[in-house]
Every structure is written in C-alpha cells, then in structure tokens.
Amino acid sequence: MHVKTLILGAGAAGMMAAAHAGPATLVVDHAKAPGEKIRISGGGRCNFTNLHTAPDRFISRNPHFAKSALSRYTPWDFTALVDAHGIAHHEKTLGQLFCDGSAKQIVQMLRDEMARAGAQLWLDTTVGGVIHDGTFSVTLTHAGRETVVTADNLILAAGGKSIPKMGATDLAYRIATQFALPVVTPRPGLVPFTFTDDRFTPLAGTALPTRVTADGPAFDEATLFTHRGLSGPAILQASSYWSEGQEIALDLSPATSLGDALIAAKQSEGRKSLTTILSRHLPARLVQYLSPDWPTVTLAGLSDAALRDLADRLHHWRLTPSGTEGYRTAEVTLGGIDTAALNSRTMEAKAVPGLYAIGEAVDVTGWLGGYNFQWAWSSGWAAGTAIAAEN
Ligand code: FDA
C-alpha cells in the first residue's frame with residue numbers, strides 16, 4: 001500500500017495534520033480510540049486553547065522556534081473551527097477556553113475534519129520498523145495482519161512519554177534518533193512535587209493562593225498540599241522550570257503584605273496571638289502546622305522587626321522537593337526532538353526531506369492552561385498545510 005502521507009499518532013497534533021495534509025493520508029495509532037488525551041483533558045472539558053498564547057508561554061531550547069506556527073495558526077483560528085462545529089465554550093480563567101459540554105466534542109470535531117479531508121484512520125495498529133530509501137517504508141500490524149505501507153511523507157506525531165498507562169511511548173524519539181535528529185533529553189513537566197518524608201501529610205487537602213517560583217517565572221495560582229508533597233496549578237507550572245536538587249520559593253500570601261497586616265493588628269489588637277491574626281490571611285490548618293516555630297507571646301510582645309521577619313519567611317518559604325511524581329502523572333514531557341533539526345515554518349526535518357515532527361514530540365512545551373493543545377494544533381496545521389501545498 002502506498003500513501004502520500006503517513007502520520008504516526010492520532011492524538012491532537014496528528015489529527016490536526018491529517019485534516020490538512022490533503023489526499024492519500026493515513027493516520028495510525030496503537031490505541032483503540034483517537035485523541036485519548038483530549039478526551040480526559042481539562043477534567044473532561046478540554047482546555048483547548050489559551051487566549052494569551054505567546055511564544056514566552058512555551059519552554060524550548062530555541063524560544064523563537066514556535067513563533068512562526070503559533071502566529072500562522074492562532075487560538076482564534078482554532079476557536080473559529082470549534083464555533084463552526086457548534087461546540088459551546090467559555091473562558092474559565094487566565095484566558096483558558098474550555099468546552100461547556102464535553103471534551104469528546106473536540107475529538108469528534110477532529111474525526112469529522114479528518115473524514116472531510118478523506119484521511120484514513122487505523123487504530124489498534126502496531127508500528128514496526130521504518131526504512132527510508134527515497135520513500136518511507138513502515139511495517140504496520142493492523143487487524144492482525146502485517147503490512148508494509150510506503151509513504152512520501154512521514155509525520156512523527158506520537159507525543160511524549162507522559163502517562164504510559166494511556167499509551168505514551170518514546171516512538172517519536174526513537175524514529176528521530178534513527179534519522180540522526182538530535183533529541184533534547186525528555187523529562188516530566190507540569191507534575192506534582194514529592195518529598196521523601198511525610199511532612200505535608202497533616203496538611204493534605206489544604207489549598208491556598210500562592211506565588212511559586214522555581215528557576216523561571218513566578219506563577220500566581222493555587223498550591224495544594226498532598227500526602228506526598230505539593231500540587232495545584234502554581235506548583236505544576238513551576239515544576240516545568242525545576243531541576244533536581246533546586247529550591248522552590250512559595251509566597252503564601254501574594255496579595256496581602258503579612259508584615260503590614262501584623263503590625264496594624266499589633267496596634268489595634270496587641271493582646272491577640274500571631275496564630276489568631278495569621279488565620280485571617282492563611283488557612284487555619286497551615287497556621288497550626290507552622291506555629292510550633294513561632295514565638296508564643298502576644299503581638300504586643302514582639303518588635304515590628306520580629307513581625308516583619310516572620311512575615312518575610314511566609315512570603316519566601318523555601319523548600320527543596322525530593323523529586324516529582326514523574327511520567328506517571330506528568331501532563332506533558334519537556335524536551336523532545338530538537339527544534340534545531342526542524343524547519344519552523346513546516347516542521348520538516350532539515351536533513352531528511354519528507355520527515356516531519358509535530359506536537360509534544362518536539363522540544364516545545366507550553367505552560368498549563370491550553371497552551372499545549374494550541375502547540376499541537378499550530379504545529380499539526382503547519383506540517384499538514386506544507387504537505388498539501390507541495391503539489
Ligand atoms: P498525544 O499524546 O495527544 O498523541 C500521541 C498519540 O500517539 C496517542 O494517540 C498515542 O496513542 C500514539 N502513540 C504513542 N506511541 C505510539 C506507538 N508506539 N505506536 C502507535 N501509536 C503511538 N493540554 C492542554 O493544552 N489543555 C488541557 O486541558 C490538557 N489537559 C491534559 C490532561 C492530562 C491528564 C494530560 C496527560 C495532558 C493534558 N494536556 C493538556 C496536554 C495535552 O494532552 C498534550 O500536550 C497533547 O495531547 C499533545 O498532543 P500530541 O498529539 O502531540 O500527543
């Protein structure tokens with residue numbers, strides 16, 4: 001069997017590319033259904049894009065690489081497609097667009113777009129070896145039969161290593177390596193932190209607004225204490241900038257100066273205790289947890305400098321996580337096929353005409369909040385339209 005374009009992976013990026021690559025396109029996936037990560041994303045409502053999409057919301061060895069695709073296929077383009085399919089949506093927070101109904105609507109939309117474009121979809125298909133001798137020959141096992149499919153173009157859309165239970169594998173990296181494309185070492189991103197001791201067990205379930213920084217920007221979102229460590233959107237965001245052994249810094253009260261609040265309370269309610277006043281600004285369980293380290297005297301018994309010092313510690317709480325939950329729960333994989341090997345307009349490998357890489361398999365990783373899907377749509381569209389324009 002010969003096709004013009006063979007796409008490995010029927011996830012977000014692969015389906016988007018298939019909808020645009022033109023005739024004689026075959027998409028294959030080892031899963032039983034396409035777009036499984038779309039289906040479970042955003043708590044079942046799919047945070048499908050972010051209105052604040054900009055290159056600085058993405059992590060990559062080359063921060064300029066994503067600019068071209070993101071500017072040519074934008075959140076507005078994808079939202080127009082969603083609208084054209086009659087899928088109701090809303091902005092939840094921070095520019096994040098979610099379906100009002102179900103993420104399954106986005107999967108169905110992409111299936112419809114692929115069908116409209118005439119693309120074939122083979123599920124439950126095992127990908128074997130790849131040979132390149134002008135065309136690409138890929139051994140596939142589909143419906144119990146081994147077939148060699150030849151293709152003029154091969155698109156690597158098999159995603160990253162996050163959540164192996166959902167079928168994630170290193171297929172895209174392996175094939176890239178076979179073709180001598182460099183791969184930036186993959187690591188889990190958007191992932192909870194763990195601590196080897198059970199220090200946060202008494203706080204499990206407590207959440208509060210925070211500002212969290214690892215070795216990158218500060219994220220003003222919620223932190224959640226868990227039995228094993230720290231989670232919540234601010235923590236997940238910071239985790240993508242963290243490397244083993246590094247400290248993270250938490251501001252436990254980003255909106256209110258605790259120093260000012262304590263000094264004001266000392267003047268008007270000096271006989272009250274630190275814990276009483278701080279419980280007005282922080283969850284009572286967290287105050288109880290931290291209070292054994294604090295002086296037990298009333299506010300009036302403490303100098304302003306001592307109050308400021310204590311408040312400073314709450315605004316700059318430094319912790320060194322032991323590690324992360326790893327690929328088991330990571331929402332994305334950082335690193336991947338090095339963008340230096342790819343054309344940023346088309347996603348084609350510079351040294352291997354006809355070989356493309358898109359989506360999470362590439363070393364472009366978005367923040368939490370719809371950015372990763374936008375990269376999948378934009379890069380999938382860039383590769384698909386480049387192939388369709390070949391004739
Ligand atoms: P994706 O992983 O979607 O697709 C790869 C496909 O390749 C899969 O269908 C897989 O089965 C297939 N495949 C892999 N190995 C194979 C092999 N060896 N043989 C055959 N097929 C193979 N992002 C966002 O923007 N908003 C959100 O709300 C969320 N929510 C979210 C929740 C959870 C729980 C996770 C894990 C992730 C998210 N994400 C997200 C991230 C988002 O899902 C992710 O970035 C995109 O799905 C990436 O799209 P790709 O098409 O590149 O890979």
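In this chain, residues are counted from 1 in sequence order. Atoms within a ligand are numbered from 1 in the order they appear, just like the ligands themselves.
When heavy-atom distances to ligand 1 are checked against a 4.0 Å cut-off, Ile163 comes that close only through its side chain, counted from C-beta outward. Residue Pro34 does not touch ligand 1, judged by heavy-atom distances below 4.0 Å. Contacts between Leu171 and ligand 1, counted as non-hydrogen atom pairs separated by less than 4.0 Å, involve the side chain only.
In terms of N/O distances under 3.5 Å, ligand 1 is not approached by Thr125. Every N/O-N/O distance between Gly35 and ligand 1 stays at or above 3.5 Å. Polar contact check, Gln374 against ligand 1: no nitrogen or oxygen pair lies under 3.5 Å apart. For ligand 1, the polar-atom distance check against Glu360 finds a nitrogen or oxygen pair separated by under 3.5 Å. For ligand 1, the polar-atom distance check against Val28 finds no nitrogen or oxygen pair separated by under 3.5 Å. Taking distance alone, with nitrogen or oxygen atoms compared against 3.5 Å, Gly9 stays at or beyond that limit from ligand 1.
Side-chain contact between Arg313 and Leu290 is absent, with no heavy atoms from C-beta onward closer than 4.5 Å. Residues Phe78 and Thr53 fail the side-chain proximity criterion, which asks for heavy atoms closer than 4.5 Å.
The heavy-atom pair separating Ser162 from Ala330 by the smallest distance is CB-O, 3.1 Å. Across all their heavy atoms, Leu94 and Asn50 have their closest contact at O-ND2, 3.1 Å.
Heavy-atom contacts from other residues, nucleotides or ligands closer than 6.0 Å to CZ of Arg345 number 12 or fewer. Taking a 6.0 Å sphere around NZ of Lys350, one finds it holds more than 12 heavy atoms contributed by other residues, nucleotides or ligands.
Of the listed residues (Phe48, Trp377, Trp367, Phe373), the one carrying the non-hydrogen atom nearest atom 23 (N) of ligand 1 is Phe373. Remark: among candidates Ala13, Gly167, Ala158, the nearest residue to atom 7 (O) of ligand 1 is Ala158, based on non-hydrogen atoms.
Proximity of a side-chain donor or acceptor of Lys4 to a complementary backbone N or O of Ile387 within less than 3.5 Å is detected. Under a 3.5 Å cut-off, the side chain of Thr194 and the backbone N or O of Gly323 do form a donor-acceptor pair.
Ligand 1 is approached by Glu331 to a heavy-atom distance shorter than 4.0 Å.
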